[in-house]
Amino acid sequence: GGAVHRNLYGSVSNFGAVSWSIPEDLTLADDYAIRITNNADNTITDDSNASFSLVPKLRVVTPNGSETWFPGTTQTITWLSGIDGNAKIELLQSGQPDVVIADPTPNDGSFDWAIPANQATGFYQVRITSLSDTAILDTSDSIFRIEPKTIQVYGPGFGEDLARGYSYNINWTSNFGGFVKIELLQNGTPQVPAISDSTDNDGSFSWTIPAGTAIGSTYKIRITHLVDPVSAESANNFSINDPRITLTNPNGGQEIVRGSSQSINWSTNYDGNGSVKIELLNNGTPLAPAITDSTPNNGFFSWSVPAASV
């Protein structure tokens with residue numbers, strides 16, 4: 001067994017039960033146990049099978065830090081209490097009372113709080129005070145946040161050039177769950193059908209752009225929650241075009257030395273997976289053999305220019 005912290009009784013009748021008045025000065029901890037020993041034979045003894053905790057007379061359980069709650073919703077405030085009577089519940093901001101949530105309410109460990117729709121965004125704590133003894137109280141261990149439900153689209157929507165027939169990730173952030181509808185807008189008009197009529201509000205959706213989508217440069221994404229009146233659009237326009245490769249180097253005017261090493265660079269408006277063929281042209285005619293028949297479509301190739309190049 002563990003070390004003896006305090007003798008509760010030097011001697012008590014061995015009839016199987018005793019009423020223990022827990023001292024106020026005992027340290028709150030979760031590793032206590034009881035040991036009972038026969039005074040006539042101290043080899044006859046037994047400890048609690050597992051540890052138990054000594055807790056405050058009143059302790060806030062929820063919210064206790066890191067939660068996010070939303071104006072206009074109902075949230076349950078919970079606490080542990082060993083005292084009858086009523087309690088007062090307050091909302092604190094920077095340690096100071098901001099709102100009296102309930103006064104009085106039964107000190108029964110639970111209160112459903114209808115957060116006002118106009119509750120200011122901020123970081124808060126909850127304080128619960130026993131009205132039977134106002135010296136008995138507790139406050140959330142750490143701050144929690146009250147803020148509106150939000151959705152923010154992160155992409156596409158920053159001038160990207162996307163290719164019809166290829167797949168891209170639509171990304172967004174949200175501070176609540178449920179399901180959302182995703183739409184493609186052109187000049188602010190929703191295109192039919194929607195990209196998705198219902199998908200998890202989890203921040204990511206893989207979208208394959210239909211090959212028949214009209215080419216244009218004024219597209220945006222709009223994401224709308226299916227229950228709550230919350231929606232958001234791409235910050236800026238993006239373009240949809242046919243798949244294309246754009247050679248960026250060499251692209252005219254360079255003087256390349258035979259026998260040297262030359263970087264060939266290009267970009268694409270579609271998924272860079274797969275491979276490409278690179279050829280050397282002379283007056284528009286491909287020369288054999290190709291520079292490479294297959295190389296990863298990653299936008300870079302190091303070309304060893306043959307010493308006998310034309």
Side-chain angles (χ1 to χ4, degrees), residues 66-75 115 117-119 121 144-248 265-277 294-300:
S66 76
E67 299 91 343
T68 298
W69 286 358
F70 307 109
T73 66
T74 298
Q75 302 292 338
I115 303 176
N118 62 351
Q119 180 65 48
T121 296
F144 68 98
R145 183 167 175 81
I146 296 178
E147 65 180 10
K149 294 180 178 180
T150 60
I151 293 173
Q152 186 170 359
V153 180
Y154 277 99
F158 294 93
E160 299 95 333
D161 181 19
L162 310 185
R164 300 190 293 187
Y166 285 82
S167 296
Y168 301 88
N169 284 331
I170 297 172
N171 297 309
W172 70 97
T173 60
S174 180
N175 60 1
F176 66 116
F179 296 88
V180 295
K181 179 180 182 179
I182 304 178
E183 298 171 282
L184 177 66
L185 309 182
Q186 187 176 33
N187 292 318
T189 301
Q191 304 301 290
V192 179
I195 293 173
S196 174
D197 286 311
S198 180
T199 188
D200 285 332
N201 187 18
D202 58 7
S204 183
F205 182 85
S206 181
W207 171 39
T208 300
I209 302 176
T213 302
I215 289 175
S217 60
T218 57
Y219 285 105
K220 288 186 176 183
I221 295 295
R222 181 166 68 193
I223 299 178
T224 304
H225 199 269
L226 293 183
V227 175
D228 294 284
V230 181
S231 66
E233 296 180 5
S234 307
N236 297 290
N237 292 330
F238 62 91
S239 300
I240 295 178
N241 288 291
D242 285 322
R244 63 186 177 204
I245 296 174
T246 301
L247 181 66
T248 56
N265 303 97
W266 67 97
S267 63
T268 70
N269 66 343
Y270 59 94
D271 188 342
N273 291 335
S275 60
V276 295
K277 178 180 182 180
S294 180
T295 188
N297 186 16
N298 57 12
F300 173 81

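Please read these numbers as outputs of a predicted model, since none were measured by experiment.
Remark: the backbone N or O of P156 is paired with a side-chain donor or acceptor of S234 at under 3.5 angstrom. Side chain of H225 to main chain of G177: a donor-acceptor pair is present (N/O by atom type, distance under 3.5 Å, no hydrogens or angles). Formation of a donor-acceptor pair under 3.5 Å by the T224 side chain with backbone atoms of K181 is not found in this model.
The CD1 atom of I221 sits 12.5 Å away from the OH atom of Y168 when rounded to the nearest 0.5 Å. Rounded to the nearest 0.5 angstrom, N187 CG and K220 NZ are separated by 10.0 Å. For the atom pair N297 CG and K277 NZ, the distance stands at 15.0 Å (nearest 0.5 Å). With values rounded to the nearest 0.5 angstrom, S267 atom OG is found 12.5 Å from N298 atom CG. Atoms CD1 and OG1, from I151 and T173 in turn, are 9.0 Å apart once rounded to the nearest 0.5 Å. One distance of note links OG1 of T246 with CH2 of W266; it measures 12.5 Å at 0.5 Å rounding.
No hydrogens or angles considered: nothing links the side chains of S206 and S167 as a donor-acceptor pair under 3.5 Å. Q152 and T150 form no side-chain donor-acceptor contact under 3.5 Å, judged by distance and modelled atom types alone. Under 3.5 Å, the side chains of N175 and T68 contain no donor-acceptor pair of N or O atoms.
Note on residues 156-167: pairs passing salt bridge (charged side-chain N to carboxylate O under 4.0 Å, His left out), not counting sequence neighbours, are D161-R244, R164-D242.
Residues P148 and T121 approach most closely at CD-OG1, 3.1 Å, considering heavy atoms. The heavy-atom pair separating S239 from N241 by the smallest distance is CB-ND2, 3.7 Å. When all heavy atoms of F144 and I146 are compared, the pair lying nearest together is CE1-CG1, 3.7 Å. Nearest approach of Y270 to P243, heavy atoms of both residues: CD2-CB, 4.1 Å. Residues W172 and D200 come closest through the heavy atom pair CZ2-O, 3.6 Å. The heavy-atom pair separating R222 from P190 by the smallest distance is NH2-CG, 3.2 Å.
Counting only heavy atoms from C-beta outward, the side chains of F158 and N237 never approach each other to under 4.5 Å. Side-chain contact between S204 and N171 is present, with at least one heavy-atom pair separated by less than 4.5 Å. The shortest side-chain heavy-atom distance between W207 and L162 falls under the 4.5 Å cut-off.
Classification of the F176-F70 ring pair by plane angle, with boundaries at 30° and 60°, yields perpendicular.
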task = With side-chain contact (heavy atoms from CB on, under 4.5 Å) as the test, would you mind laying out the steps for W69 and T74 before giving the verdict?
result = CA-CA 9 Å; W69 286 358; T74 298; over 6 Å; no
request  = Kindly indicate, with the supporting measurements, whether the criterion side-chain contact (heavy atoms from CB on, under 4.5 Å) is fulfilled by I223 and I170.
outcome  = CA-CA 10 Å; I223 299 178; I170 297 172; 4.3 Å; yes
request  = Assess whether side chain to side chain donor-acceptor pair (under 3.5 Å) is satisfied between T248 and N265, documenting all intermediate values.
outcome  = CA-CA 5 Å; T248 56; N265 303 97; 5.2 Å; no
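Of the candidates I240, I209, V192, I240 is the only one forming a side chain to side chain contact (heavy atoms under 4.5 Å, CB included) with L184.
Residues satisfying the side chain to side chain donor-acceptor pair (under 3.5 Å) criterion with K149, sequence neighbours excluded, are D228.
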